[in-house]
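Please read the structure below before turning to the comments.
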Amino acid sequence: MDKTYQPQQLEDHWYKTWEERGYFKPQGDGDPYCIVIPPPNVTGRLHMGHGFQHAIMDALTRYHRMQGCQTLWQVGTDHAGIATQMVVERQLNAIGSSRQEIGREEFVSKVWDWKEESGGIITQQLRRLGSSLDWSRERFTMDEQLSKVVEKVFIDLFDEGLIYRGNRLVNWDPKLHTAISDLEVVSEEEDGSLWHFRYPLADGATTKDGNDYIVIATTRPETLLGDTAVAVNPEDARYQELVGKFVELPLCNRRIPIVADDYVDMEFGTGCVKITPAHDFNDYELGKRHDLEIINILTDDAAINENAPEAFQGLDRFDARKQVVAEMENLGLLEKIEPHKLKVPRGDRSGVVIEPYLTHQWYVAIQSLADPAIKAVEDGDIEFVPKNWENTYFAWMRNIQDWCISRQLWWGHRIPAWYDEEGNVYVAPSEAEAREKYQLAADLKLTQDADVLDTWFSSALWTFSTLGWPDDLEYFERFHPTDVLVTGFDIIFFWVARMIMMTLKFTGEIPFKKVYITGLVRDEHGQKMSKSKGNILDPIDLIDGIELEDLVAKRTADMMQPQLKEKIEKHTRESFPDGITGYGTDALRFTYYSLASTGRDIKFDLGRTEGFRNFCNKIWNAARYVLMNTEDKAVADKLDVAHCSIADRWIMSRFERASKLVAEAVESYRFDLASQTLHEFIWNEYCDWYVELSKPVLWDDEANPEAAKTTRLVLLTVLEKSLRLLHPFMPFITEEVWQRVAGQLSIAGESIMLQPYPLYSEANVDDEAEQHIDWLKGIIVAIRNIRGEMDISPAKAIPVLMRHGSEEDEQRLQAYRPYLQKLAKLDSVEWLTGDQEAPASATGLHGKIEILVPLAGLIDVSAERSRLEKEIGKLDSLLKQVEGKLSNAKFVDNAPEAVVQKEKDKQKEYSEALAALRAKLDELKNLG
RNA sequence: AGGCGCGUAGCUCAGUUGGUUAGAGCGCUACCUUGACAUGGUAGAGGUCACCAGUUCGAAUCUGGUCGUGCCUACCA
């Protein structure tokens, strides 16, 4: 083995091997365990969120596979309608073409080309993460079989009356020319204005103050052109007698009524609201209540259409706004303009302001689907982890709106609906089937609906469509419902909720038993990672490393806002002056686990990744040590406790406890605790103590060859088991090392992946051994402390004297002398009996035992004096604390017996230690 | 406006049902190339657990409030 751990070569090698050998397919006849991948965008790129979620899904998958489950991690990708279509459109625009120019058929075929060309990138990247996905079952939402499921679901829902076509206001994206759902609209507060306009009253009416006009306030002056009423609150004394009268709508020469409606807030603005039913959701509802005319004044591009006065026609909405304000001002009808903050709705993909727009769209009547989906979570059939996300789910589900599922795009599942020339609609898988189903005359002209379905419609069917439902039920029956869905909170509504509804509706089963909601991966300062902030980290760069110049180039390429480039470059150069070192997949994954406490976003800390790369190196070198000491050496062929040293028994016991903690952590999705336990056991117990404790035994194997043979076996055994315990988290290094270690142990098996996961076995827990080693560690640490604080070179072997311990202490000393000598670097250890005089010494305490390092020639008396004073100070304040408690009668009377006793024990221990140290201090004073 | 989180060492985070000398990693200081590892070893410094009040014999932990901070949902033209 090389002296240092180098992840790059071995990771690629092992992934290929595993995949080629088919290890990712379900095997055996254990309990089924299944996770479906949240399908990434087929033409997308890996980001930190994928890295994080895949780390978790893979750990769960490998853990269960090693436990003997038939384990399937179902893989696939999503066609991502809008996102993918936008990319290809941009490519066309770049060469001076457009999708309109080349036409629908040609365009869709270009998207397929793009899918073929770039669709492999994300799946290759998922492989780099070590994800043990069953690639032989890879699916795509637009595969023939999945598309058939989409079609069937649509048609069945339609036939049942749960899908309908409606003409109502939708969120319209004027750039993408499509409707989008509420969820795809993001509203942010922006600076705007509140314009106050005078609307003249008709028929000579006046207000109470004698004005012949009323003042309305608006944030969207251009919608004036579509106003069909003015509304006031029915309780508003200022305007009560105007209700039922009319105003002359300026610029338009229309009379519009003044209506009374509770919706109007008397406190806001002037208390008068202009009503534009065609361009505002609230106005639309109000319009329906008062039977108002609906005048649409916009085109698909959000320019002014022919329903507005000629002067405005063809103007873009923002130009129209200026124009309306200008003309109102000319007419003396602009009263004032106030600055105003308002929430502006924008399309999450296009970034442009969304218009409420009256169109025909397809909807899912959602209530009857939502009810059982709510119940499934209420009843605990589906559980969210952490549980508080259930509240978010309920809040949305209990107030759910019908789902607008049609999109005016070309890339996606085309809606299986046909229209005749009178606009009658026929829903069937094909035109021919429509004719048959509806008994239509052969010469009746039919046209297919031009729209496609929302991407999330097919995603909602993902658990059962990928498992073969409804035609090929083998996998469906075996693996559905799936066990856990791992995903981010940002798609609970988009995806999780809709999966639950659709799956219950069509299969009668829940899609998954648990939903593990991960936090968001943020940068080290807690900022969301985004292209425009220039703080994106690519998981692949953390694995392979990247030069600074390449990183800068990558972060500043294809900027939507080129002016940010300079800032991003500067920030990047500051954060990564030397670029990024490649740390390997295992270290990256372990970082995710270590930060994955539940219910919390994670701030990604590269320092930790480096730390875990070092951890890999530690494992690597520990393995080298073990192999160097066992290859071509006599190793016991059976573990005989009679030949075990106390250290052998101790490490086996410690391993057992660690394995229990790890299993508990995984079962409760506490990957941070699992990683912490593994790190601590392997580094702080196996490497720091057990390997060191094995040295005196192995270096002196002639003294006791049986003991040496057994220790070699224990070194190997515990390492091998630790590798298995660690494998779900660090798949690559564990495989590489395991191959060699397993060979030494003559373990048959091709891969650690298929080995059993270590199960907790109470029988290996050895309290006695743990007590003994704790004692030994305590003595060693006390001596090292003296060494460290007294500046004695680690190279210098020193003598140590001990006294005042029990008979048992003395026996332990005799038994563990070789360990002490090696680990504390001693040239002699002596036990002073009774009142034997001790020379002037530096003193440490462990329990009652006094540990003495003679001063002669080694130690500065005044240094020892101040060391003792510091120690005494510490103990003194501890003792005062304890005595404070014990002198409080309320504490002694009320606290449980055991707690009081504990304090009493502490009091005794501290005061005895204090007395001993004070005596030593006096001796030193007499000396100096 | 409602809802959900968070605030513990310089930084990133643990801390199970209230009782620990409040922990880890990174960073920092000192010493050390000792026969697995300097991607290392040993020792050490560093915290009035945001603040206030309450419950309790006892609060980082429970309750209420304040401040700061992040997100989600709904929004008034």
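Every chain is numbered from 1 and lettered A, B, ... according to where its sequence line falls, protein lines coming before strand lines.
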Looking at every strand, decide which applies to [X] at a 4.0 Å heavy-atom threshold: base, sugar-phosphate, or nothing.
X: A:L673; value: sugar-phosphate
X: A:R867; value: nothing
X: A:K603; value: sugar-phosphate
X: A:F493; value: sugar-phosphate
X: A:V892; value: nothing
X: A:H340; value: sugar-phosphate
X: A:N388; value: sugar-phosphate
X: A:A395; value: nothing
X: A:R784; value: sugar-phosphate
X: A:C687; value: base
X: A:V626; value: nothing
X: A:W699; value: base
X: A:E909; value: nothing
X: A:R398; value: nothing

The side chain of [X] is closest to which nucleotide in this list: [options]?
X: A:L595; options: B:rG5, B:rG44, B:rU12; value: B:rU12
X: A:F489; options: B:rC71, B:rA30, B:rA24; value: B:rC71
X: A:V691; options: B:rA36, B:rC13, B:rU21; value: B:rA36
X: A:E692; options: B:rC57, B:rA36, B:rU20; value: B:rA36
X: A:Q676; options: B:rG40, B:rG25, B:rA14; value: B:rA14
X: A:H679; options: B:rG25, B:rA14, B:rC57; value: B:rG25
X: A:F891; options: B:rC57, B:rC76, B:rU39; value: B:rC57
X: A:K906; options: B:rC57, B:rA77, B:rU21; value: B:rU21
X: A:K874; options: B:rU42, B:rA36, B:rA45; value: B:rA45
X: A:N888; options: B:rA14, B:rC57, B:rG44; value: B:rC57

Look at the side chain of [X] and the backbone N and O of [Y], then say whether any donor-acceptor pair between them is shorter than 3.5 Å.
X: A:R522; Y: A:I602; result: no
X: A:R712; Y: A:E631; result: no
X: A:R238; Y: A:M266; result: yes
X: A:D261; Y: A:A231; result: no
X: A:E864; Y: A:T843; result: yes

Now, which nucleotide makes the Watson-Crick or G-U wobble pair with [N], with each of the two distances under 3.5 Å?
N: B:rC11; value: B:rG25
N: B:rU39; value: none
N: B:rU66; value: B:rA50
N: B:rG2; value: B:rC72

Using only side-chain N and O atoms of [X], determine if any of them is under 4.0 Å from OP1 or OP2 of [N].
X: A:K695; N: B:rU34; value: no
X: A:Y910; N: B:rU21; value: yes
X: A:N894; N: B:rG58; value: no
X: A:W683; N: B:rG41; value: yes

Euclidean distance for [atom1], [N] against [M] (whole angstrom):
N: B:rG15; M: B:rG23; atom1: P; answer: 15 Å
N: B:rA1; M: B:rU12; atom1: P; answer: 30 Å
N: B:rU33; M: B:rC28; atom1: C1'; answer: 22 Å
N: B:rG47; M: B:rG7; atom1: C1'; answer: 14 Å
N: B:rC11; M: B:rC62; atom1: C1'; answer: 30 Å
N: B:rA59; M: B:rG64; atom1: C1'; answer: 15 Å
N: B:rU8; M: B:rG46; atom1: C1'; answer: 14 Å
N: B:rG27; M: B:rU42; atom1: P; answer: 15 Å

(message) Quiz question: going by heavy-atom distance under 3.5 Å, is there a donor-acceptor pair between the base of B:rU42 and the side chain of A:R787?
(response)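 Not at all, since no donor on one side and acceptor on the other fall under 3.5 Å apart.
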
(request) Would you kindly check whether a donor in the side chain of A:K3 faces an acceptor in the base of B:rC37, or vice versa, at under 3.5 angstrom? (result) no

Taking [X] first and then [Y], would you say they form a salt bridge - that is, a charged N and a carboxylate O separated by under 4.0 Å?
X: A:R317; Y: A:E222; result: no
X: A:K341; Y: A:E189; result: no
X: A:E883; Y: A:K880; result: no

(request) Mind running ring pair (Phe, Tyr, Trp, His ring centres under 6.0 Å) on A:Y284 and A:H279 for me, showing each step along the way? (result) CA-CA 7 Å; A:Y284 182 76; A:H279 297 288; over 10 Å; no

(message) Judged by each residue's nearest nucleotide on RNA chain B, which is more toward the 5′ side, A:E610 or A:A622?
(response) A:E610

(request) With RNA chain B as reference, determine whether A:R624 or A:V781 sits nearer its 5' end, using the nearest nucleotide of each. (result)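 The answer here is A:R624.
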
(request) Provide, to the nearest angstrom, the distance between the CZ atom belonging to A:R613 and the P atom belonging to B:rG25. (result)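 Going from CZ in A:R613 over to P in B:rG25 covers 17 Å.
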
